[in-house]
Amino acid sequence: MKHLTFLFLFLLALTLRSFSAVTIPDPLPKAPEPIEDILRLQIFLDSKLFGPGKLDGRPGEFGTKALKRYQKSQGLPETELKDHTLDLSSVSELYTTYTIREEDLKFVGEVPTQPSAQSKKKYLPYDSLLEFLTERFHCAPDFLEYINLPVKMSALKPGDSVKVPNVTPFLIEELTEVAKLPEVPEFQARVIKINTIEKMLDLWEGEKLLASLPITPGSGYLATPPGTWRIIGITQMPTFRWDKSVLEYGVRSDTFYTLPIGPNNPVGIMWIGLSKPGIGIHGTNSPQTIGRSSSHGCMRTANWDVIRLVKQVSAGMTVIIEGPKAIPRPVPVAKAKKTEPTVAVEEAPPPKKGILNWLFRKTQKPPKE
């Protein structure tokens, strides 16, 4: 009987473990050491397309926002990380392994820093196998390096196996150029709502919240324009027209570079164009900065998120953007031209009349022509 009681309590403990709140150590372990409870929750939320941002096993703003939005979608009370009661048993393992393949090297190479040099290439690849892996498995570079110690990630080669988070991988090799993805009529009643202050994109179908992702919006002079817009087209593996005048002032110029496709294209691997000219939702070549920087007016999200988002949206959908309007640029004041100081010239007195004037008039020389 005692053995049965012990077995029952053991199984109960395992069950409760699946429903337990996150244990956050105090003090936190030194970064980038992951906290397993948080990593498990991040993987769970990521799998539901309630993006917590890059996976790193650390408490943070977007993990909390993702949790609360997922709870809301399920009709559950919203809580902080440490108080949630979600069933995370679907995340049976935190980690899996990945073996570097020879064909992976096709997506890794030199990436020039200047747009003029980038425009001369046919493809903008990952700059290293580390970048390839972090995007493939939705995670932070320092986290991936930590869980693989003492392996040097800079020395990886085909045949090497690495430890990675147990997520559905982002497969860059499956993407081809598609100028305009087909419309999906059953998705056209859905609505994307974006709050640029919250830096979140929410996908709604009626009163049901389907997905939520962290974004980087524009701000200041180039704030993402609030209003109600429409998706006019979705391009897979887009090129990018790099125009310094557009990026800095929102005005097109005749001086620009066309940057080729690839994961390191500035708009990443997907462009969702809106009815507001020049504005779209897109991927990025800097997923580690999502929500922690500013764009030039568009809304960028991680490639691993946007590739899954486009499977649930369509051209024709409504996009509602809430947030502050762009700050008006100060009107340039023309500098006054320097002028020579005015010199007062004393007017010559009129010639005197009289006998003397008559006597000397004939001796005056005539003016030169």
Side-chain angles (χ1 to χ4, degrees), residues 51 115 177-181 183-184 187-188 190-204 211-259 261 264-287 289-303 305-329:
E177 292 181 73
V178 182
K180 192 169 185 179
L181 293 179
E183 294 184 8
V184 184
F187 290 169
Q188 291 180 340
R190 293 178 174 180
V191 176
I192 289 176
K193 294 182 180 180
I194 292 170
N195 187 310
T196 59
I197 295 177
E198 281 277 297
K199 298 182 179 179
M200 295 296 293
L201 177 156
D202 298 327
L203 175 63
W204 291 85
S212 185
L213 302 171
I215 62 165
T216 293
S219 62
Y221 299 140
L222 296 172
T224 299
T228 299
W229 314 105
R230 184 173 52 85
I231 297 176
I232 59 173
I234 303 174
T235 302
Q236 182 171 285
M237 297 302 279
T239 57
F240 178 68
R241 184 184 187 276
W242 190 95
D243 185 332
K244 185 177 181 180
S245 178
V246 169
L247 296 175
E248 293 185 355
Y249 301 102
V251 180
R252 281 198 169 206
S253 74
D254 295 329
T255 304
F256 65 91
Y257 300 102
T258 300
L259 306 188
I261 67 170
N264 259 313
N265 183 288
V267 294
I269 50 86
M270 202 68 66
W271 169 263
I272 303 172
L274 303 188
S275 52
K276 175 68 174 177
I279 299 298
I281 302 164
H282 60 81
T284 182
N285 56 0
S286 304
T289 65
I290 291 296
R292 293 169 175 82
S293 59
S294 293
S295 75
H296 295 93
C298 292
M299 295 140 285
R300 60 176 181 244
T301 189
N303 285 338
D305 281 338
V306 76
I307 190 63
R308 295 179 291 167
L309 176 66
V310 296
K311 294 176 182 177
Q312 300 197 41
V313 301
S314 170
M317 278 179 52
T318 298
V319 177
I320 300 172
I321 300 174
E322 297 179 346
K325 294 181 179 180
I327 299 172
R329 288 182 181 274

Donor-acceptor contact below 3.5 Å, side chain [X] vs main chain [Y]:
X	Y	result
Thr224	Gly218	yes
Asp243	Tyr257	no
Thr235	Ala179	yes

Considering non-hydrogen atoms only, spot the tightest contact between [X] and [Y] and give its length.
X	Y	value
Lys311	Phe187	O-CE1, 3.2 Å
Leu274	Ile232	O-CD1, 3.5 Å
Val267	Thr239	CG2-O, 4.3 Å
Pro217	Lys199	CD-CG, 3.9 Å
Asp305	Pro214	OD2-CD, 4.2 Å
Cys298	Gly278	SG-O, 3.5 Å

- Determine, step by step, whether Val306 and His282 satisfy the side chain to side chain contact (heavy atoms under 4.5 Å, CB included) criterion, reporting the C-alpha distance in whole Å, the side-chain angles of both residues, the deciding distance to 0.1 Å, and the verdict. CA-CA 7 Å; Val306 76; His282 60 81; over 6 Å; no
- List the steps, then state whether side chain to side chain contact (heavy atoms under 4.5 Å, CB included) holds for Gln236 with Ile269. CA-CA 6 Å; Gln236 182 171 285; Ile269 50 86; over 6 Å; no
Contacts under 3.5 angstrom, residues 315-328 side chains, donor-acceptor by atom type, not counting sequence neighbours:
none

Starting at [atom1] of [X], measure out to [atom2] of [Y] and round the result to the nearest 0.5 Å.
X	Y	atom1	atom2	result
Glu183	Ser314	CD	OG	5.0 Å
Thr284	Asn265	OG1	CG	10.0 Å
Ile194	Leu213	CD1	CG	10.0 Å

- Task: Report the residues that fulfil salt bridge (charged side-chain N to carboxylate O under 4.0 Å, His left out) with Arg190, sequence neighbours left out, ordered by chain and then residue number.
- Result: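 Arg190 satisfies salt bridge (charged side-chain N to carboxylate O under 4.0 Å, His left out) with Glu205 once adjacent residues are dropped.
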- Task: Walk me through it: do Ile281 and Ile192 pass the test side chain to side chain contact (heavy atoms under 4.5 Å, CB included)?
- Result: CA-CA 11 Å; Ile281 302 164; Ile192 289 176; 4.2 Å; yes
- Query: salt bridge (Lys or Arg N to Asp or Glu O under 4.0 Å): which pairs involve residues 218-240, sequence neighbours left out?
  - Reply: none
- Dump the intermediate steps for side chain to side chain contact (heavy atoms under 4.5 Å, CB included) on Val313 and Ile234, then the final yes or no. CA-CA 9 Å; Val313 301; Ile234 303 174; 3.9 Å; yes
